[in-house]
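Input: a single structure, listed below in structure tokens.
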Amino acid sequence: MMKKVAIYVCGEVSKKCTANGCLRTFNEKDDSFKRYQETGCQLVAFNNCNGCDGNPLESLQVKIEKLKKAGVEVLHLSTCIRGRCENYETFAKEFAKHFDVIGYTHGSAEGKKNNNININKEE
């Protein structure tokens, strides 16, 4: 069954990044999106955190409600959040209350810091 997917990226990195890595691997069903090769998936949301200048968790509940309304089932935290953000685990745990969470988008599943998180909310 086709999954509805969201990608959540780093607000700071998004000021410089074109999101090519996330979107390329989504479109090619590669790296973290390989899991959808058989069933397919639909990208229904692409959003970023508020950045490090303010409170990165501010407005997260509002975003979660909008993601739920969009029918998101699986949320992929971007590789930039995994590699750079001190709130990586906090984001993962908060989103996992509502969605299945995959802790990266592209690159190695283990990550440079070996800090990848995959949470299935039904477990």
Could you work out, with side-chain hydrogen bond (donor to acceptor under 3.5 Å, both in side chains) as the rule, every residue matching K16, not counting sequence neighbours?
none
Could you work out, with side chain to side chain contact (heavy atoms under 4.5 Å, CB included) as the rule, every residue matching E65, not counting sequence neighbours?
K68
Residues in side chain to side chain contact (heavy atoms under 4.5 Å, CB included) with C22, at least two apart?
I7, V9, F46, S78, T105, H106
Non-hydrogen side-chain atoms of H98 and L67 separated by less than 4.5 Å:
no
Within 45° of the ring axis of F26 and under 6.0 Å from its six-membered ring centre, is that where the NZ or CZ of K29 lies?
yes
Are Y8 and I81 side-chain neighbours, meaning at least one heavy-atom pair lies under 4.5 Å?
yes
Side-chain contact test, heavy atoms from C-beta onward, threshold under 4.5 Å: evaluate it for E89 versus K93 and give yes or no.
yes
Any side-chain heavy atom of E94 sitting closer than 4.5 Å to one from I64?
yes
Does any N or O in the side chain of S32 come within less than 3.5 Å of the main-chain N or O of Y104, such that one atom is a donor and the other an acceptor?
yes
Minimum side-chain heavy-atom gap L77-L75 below 4.5 Å
yes
K34: partners by salt bridge (Lys or Arg N to Asp or Glu O under 4.0 Å), with sequence neighbours left out:
D30
Any link between I102 and V13 through a network of hydrophobic side chains (Ile, Leu, Val, Met, Phe, Trp, Tyr) touching at under 4.5 Å?
no
Test: ring-ring contact (aromatic ring centres under 6.0 Å, His included). Region: residues 63-84. Which pairs qualify, not counting sequence neighbours?
F33-H76, Y36-H76
Sequence neighbours left out, what passes side chain to side chain contact (heavy atoms under 4.5 Å, CB included) with K4? Give chain and number order.
Q42, V44, E73
Can you name the side chain to side chain contact (heavy atoms under 4.5 Å, CB included) partners of K69, sequence neighbours left out?
none
Restricting to side-chain hydrogen bond (donor to acceptor under 3.5 Å, both in side chains), what partner residues turn up for S59, sequence neighbours left out?
N50
With sequence neighbours excluded, what pairs up with E58 under the salt bridge (Lys or Arg N to Asp or Glu O under 4.0 Å) test?
none
Could you note down all residue pairs passing salt bridge (Lys or Arg N to Asp or Glu O under 4.0 Å) where residues 19-28 supplies at least one of them, sequence neighbours left out?
R24-E28
